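Every value quoted in this text rests on a predicted model; they were computed, and no experiment measured them. Lettering follows sequence order; numbering is per chain, from 1.
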Amino acid sequence: MQMKKIFSVFLCVLLILSSLVFGVSADDAYAYDEEYYSKFKNDNLTLYVYNWGEYIADGSDDSMDVIEEFEALTGIRVEYTTFDTNEGLYSKLQSGSAYYDIIIPSDYMISRMAQSGMLEKLNYSNIPNFEKYVDETFRNPDYDVNQEYSVPYTWGTVGLIYNTKYVTEAVDSWDILWNENYSGKILMFSNSRDAFAIALKRLGYSMNTENPEELREAADLLTAQKDVVQAYVMDQIFDKMTEENAWIAPYYAGDYLTMSETNEDLAFVFPKEGFNQFVDAMCIPKGCVNKEAAEMFINFMCEPRVSAENCGYIGYSTPVSAAKDLMDEEMVSNEVAYPSAEVLENSETFRNLSDETNKLLDDLWIEVRIGKLTAGFWVTVALLAMGVCALCALSIYRKQKRLRARNAVK
Amino acid sequence: MKLNARWTSYPYIVWMILFTVIPLFLIGYFAFTDASGDFTIANMEQAVKYIPALVKSVSLAAIATVLCLVLAYPFAFSMSRLSFERQKMMSMLIMLPMWMNFLLRTYAWQAILEDNGVINMLLNSVGLSSVKLINTSGAVVLGMVYNYIPFMILPLYSVMTKIDKSVLEAANDLGAGFFATLYRVILPLSMPGIVSGTTMVFVPAVSTFVISGMLGGVNNYLIGDLIETQFLGNSYDLNCGSATSLLLMIVVLITMAIFNHFSDEDAEEALV
């Protein structure tokens, strides 16, 4: 997930200004509970935190250095490292090669990890801020129905980003990603889950379907799309869209806000067929030694002051409504960052799929990416075969020549 | 303590066992087992279905390797004839791009080749129309050549510095012209460099996924991208990923065996 540098500079300046004017009272209302946070002050503990890259306010652009603030407040040291995909996080934990106290996976990965017994159950009485601040809508979510393993960190949506300079028609549907008029200017997700979600939604199916027939249909749709797609990408979408090398792409709403700061022609829409809403939430992996301290960290991240800083910096949406009091008005009222309940009605969150479906999804995706065998393939095979034959012939020829030369010497 | 030639190899042997031999066995193990650890050949069967991606990778890597050789060979020869000081400077210049991260270098090529990239902007500014550069097989080959050519130049250069000037003079004295000297003297003597250079370019090129992902667009899904999908996709499919990796390794091994076969003959010839 990406950083929102330029946006956050602007935002933080506003934040500071606004806190000078009205912030004082809000700051007082959301002061830290010093007594609670001083519990491990002298225990010389270290917490290992594993988060998405560029996914926390780090003190740059006048933001709060959240980690430093936590260390100063609690006396607990934090070792902070980052990952770039849920799947990467999963394989790292599976391999058992690393130790973490706090991880921040996305929704479907949380249910997968919980099912595989990779997560500790949280003691919510050690996380008072959950009860106090986290919005009702984010409690008992699909991915953690009994609210046992996770505390939401940020949330966001996936929608369509397009450039109004080149796309003048009204856009309201995923259909445009298949439109031949924009051939070569369309980008697509390179990760299978997100790509299939779009195709499935366009077909009117759930993005969590386990029906192989529906998935095959989606794969056919994605194969048909290949002719108009420029490239399958993730973070490269930033450059390609802002530099206008591509005109239409599906991506995260929070990242759209960053891009639109660089290129004002970019627009964002929530497609009518439905779209993905995701939540990234904090969890504690099995085997955590300082669980109570880890829960203290999670509690700290739910402090409205901290959540406001984080979400202001990274541009994703906060599940802690109180934090909005401390954030820039323009950001909070932005329909892209905080769509209305009516819009969100149309969204769907990823659920964990069965192993078989995950496997089928990847296999189908590879089939889509390899594509049908074309004449070019057979020409290449023929050329390679000819090359090998030519090398062998040359080898035999030289061997015989050498033999002859030796015989001649004798 | 006497310097014992056998001891000196121990640190690397330990390293190799830990990070090459054991992983190889693991790949072999995973390739022939299923998720519960039972023997199966289903993974290999599936990997065989991915031969089209493998063919594409091998052909692009082969083209890139040949291009690297054609570009590097004459250059390495002329470099080896320079004064010692200049040789030092040259080899530093060749290494220079590597001071920057591989990913960033490839990312830079993306910015250069884009539809609105540096090259097309220049073309437009002199009144020419844009050309399609990025998201083609050519762009992938370019990325491979750019990134791996130092690995071709350096081994070639290091064998060529060992070709004594007097050998070339002797060839001249015996009446060998330019082509005869090249074909009968320089080429056989530099064969070990050609072989190691080719290996060092071909092997990383055939398994790349960064270059094809960034510069290749839709139709350049290589075997490296595929293996990445298997390991880091939704299903964390160690077994199929290992089977595909094993298949790739077998293909690379066969290719290298064919090549080494040549070099042995030539080395033999050079010694005669």
## Note on the structure
When rounded to the nearest 0.5 Å, the distance separating OG of A/Ser190 from CG of B/Asp225 is 9.5 Å
#### Entry: A/Asn245 portion near chain B, given a 4.5 angstrom heavy-atom threshold
both
### Task
Kindly check if the number of other-residue, nucleotide or ligand heavy atoms within 6.0 Å of CD1 (B/Ile41) is above 12?
no
### Heavy-atom closest pair, residues A/Gly88 and B/Leu232
CA-CD2, 4.1 Å
### Task
Output the option from B/Asn219, B/Asp115, B/Ile51 having the highest count of non-hydrogen pairs under 4.5 Å with chain A.
B/Asp115
### Message
Out of A/Arg193, A/Lys240, A/Glu243, return the one with the most heavy atom pairs under 4.5 angstrom to chain B.
### Response
A/Lys240
#### Entry: Between CG on residue B/Asn234 and CZ on residue A/Arg112, distance to nearest 0.5 Å
7.0 Å
### Query
Tell me, do B/Gln110 and A/Gln236 make a side-chain contact under 4.5 Å, heavy atoms counted?
yes
### Message
Do B/Thr229 and A/Arg369 have side chains that approach each other closer than 4.5 Å (heavy atoms only, starting at C-beta)?
### Response
no
### Message
Under 4.5 Å from any heavy atom of chain A, what part of B/Ile134 do you find: side chain, backbone, both or neither?
### Response
side chain
### Message
Is it true that, when you exclude B/Tyr29 itself, more than 12 heavy atoms of the residues, nucleotides or ligands shown sit nearer than 6.0 Å to its OH?
### Response
no
### Summary
When the 4.5 angstrom heavy-atom criterion is applied to A/Ile366 and chain B, the contacting part is both
### Task
Any chance you could measure B/Tyr50, atom OH, to A/Asp363, atom CG, to the nearest 0.5 Å?
4.0 Å
### Task
Go through the structure and list residues passing salt bridge (Lys or Arg N to Asp or Glu O under 4.0 Å) with A/Glu244, not counting sequence neighbours.
A/Lys165
### Task
Could you list which of residues 176-184 of chain A have a heavy atom closer than 4.5 Å to any heavy atom of chain B, in residue-number order?
none
### Query
If you count heavy-atom pairs under 4.5 Å with chain A, which of B/Gly217, B/Pro52, B/Ala53, B/Ser59 comes out on top?
B/Pro52
### Message
Taking the basic N atoms (NZ, or NE/NH1/NH2) and the acidic carboxylate oxygens, is any pair closer than 4.0 Å for B/Asp237 and A/Lys359?
### Response
yes
#### Entry: Proximity breakdown for A/Gln230 and chain B, heavy-atom pairs closer than 4.5 Å
both
### Heavy-atom pairs under 4.5 Å with chain B, option from A/Leu187, A/Val388, A/Asp362 with the top count
A/Asp362
### Query
Who among B/Lys56, B/Lys132, B/Met214, B/Lys49 has the most heavy-atom pairs with chain A under 4.5 Å?
B/Met214
### Query
How many angstroms lie between atom CG of A/Leu360 and atom OG of B/Ser235, to the nearest 0.5 angstrom?
10.0 Å
### Message
I need the minimum non-hydrogen distance between B/Asn135 and A/Ala231, along with the two atoms involved.
### Response
OD1-CB, 4.1 Å
### More than 12 heavy atoms of other groups within 6.0 Å of B/Phe39 CZ
yes
### Which atoms of A/Leu384 approach chain B - backbone, side chain, both or neither, heavy atom under 4.5 Å
side chain
#### Entry: Heavy-atom neighbours of B/Tyr183 OH exceed 12 at 6.0 Å
no
### Message
Working to the nearest 0.5 angstrom, can you tell me the gap between B/Leu222 CG and A/Ile370 CD1?
### Response
10.5 Å
